[in-house]
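In what follows, a single structure is set out as structure tokens and then discussed.
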Amino acid sequence: MIKLRPAVKDDIELLTNLGRTTFMESFSHLNNPIHFQKYLDENHVQKVIEAEFNNEKNYFFIAEYDNEPAGFFKIVFDEHEDQPLLKDKKCLELERIYILNKFQGLKISSEIIDKTFKIAADHQFELVWLGVWENNIKAITIYKKWGFEIFGSHIFNLGGDLQTDLLMRKNVNPHKN
């Protein structure tokens, strides 16, 4: 059974470990080991996750499968990242969906998307957006199935390796553009 629960301060170590593990499982084999390790050491460490957790715009949720931590997701309220096409919108960013490999294919990400859209509706956001590495074709395909469309790109710095993330969005308020 899938359960999504808000993360609490005592979960910071768990969030850090889940983030490191899922990021390594998903992307280590696709990147230069030196750049990859540098990124991990600078971004997937407890002090960084704790600072993100303490930012009032950020909300973390733990995904559990049969009471076992399976991953997490992070949403950011009112995040625009200086994107011109988002500037005048009330936006919710889905910044991370991290699911451990052994829990892939169990519909956890679908539950996460449903929860994200519900939060967006409850808080009257106009759209949900996310960034996804241009080489992550599987994720891009899934996001398109959920109704996201590509609207731009930005640079993602993976430990000194500058990569392109596609920006995708979905309107969640049918009365707004």
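Residues Ile99 and Thr22 have side chains not in contact (no heavy-atom distance under 4.5 Å, counting atoms from C-beta outward).
Shown here is Ile150, whose CD1 atom has more than 12 heavy atoms of other residues, nucleotides or ligands within 6.0 Å. Other residues, nucleotides and ligands place no more than 12 heavy atoms under 6.0 Å from the CD atom of Glu13.
By the 30° and 60° cut-offs, the orientation of the rings of Phe103 relative to Tyr65 is tilted. Aromatic ring pairs are classed by plane angle as parallel below 30°, tilted from 30° to 60° and perpendicular above 60°; the pair Trp133 and Phe27 is perpendicular.
Comment: Glu111 does not engage Lys118 in a salt bridge, judged by the lack of any side-chain N to carboxylate O separation of less than 4.0 angstrom. Ion pairing between a basic and an acidic side chain is recognised when a charged N comes within 4.0 Å of a carboxylate O; Arg20 and Asp41 show such pairing. The pair Asp122-Lys115 fails the salt-bridge criterion, with no side-chain N (NZ, NE, NH1 or NH2) lying under 4.0 Å from an Asp/Glu carboxylate O. The pair Lys47-Glu42 does not meet the salt-bridge criterion, since no charged nitrogen lies less than 4.0 angstrom from a carboxylate oxygen.
Remark: the backbone N or O of Gly160 is not paired with any side-chain donor or acceptor of Lys38 at under 3.5 angstrom.
Using a 3.5 Å distance cut-off with no hydrogens or angles, the side chains of Lys3 and Asn67 do not pair a donor with an acceptor. Side-chain contact, Asp161 with Gln163: a donor N or O sits under 3.5 Å from an acceptor N or O. Between Asn58 and Glu95, the side chains place no donor N or O within less than 3.5 Å of an acceptor N or O (distance only, hydrogens not considered).
Judged by a 6.0 Å distance limit and a 45° cone about the ring axis, Lys57 is not positioned over the six-membered ring of Phe77.
Legend: salt bridge (Lys or Arg N to Asp or Glu O under 4.0 Å) pairs involving residues 140-150, not counting sequence neighbours, sorted by first then second residue: Glu149-Arg169.
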Would Arg5 and Asp11 count as a salt bridge (charged side-chain N to carboxylate O under 4.0 Å, His left out) if you check the C-alpha gap in whole Å, the side-chain angles of each, and the deciding distance to 0.1 Å? CA-CA 11 Å; Arg5 65 169 177 83; Asp11 290 321; 2.7 Å; yes
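In terms of heavy atoms, Thr164 sits closest to Ser153 at CG2-CB, 3.8 Å.
Take Tyr39 and apply the ring pair (Phe, Tyr, Trp, His ring centres under 6.0 Å) test, not counting sequence neighbours, and it matches Phe23, His44, Phe156.
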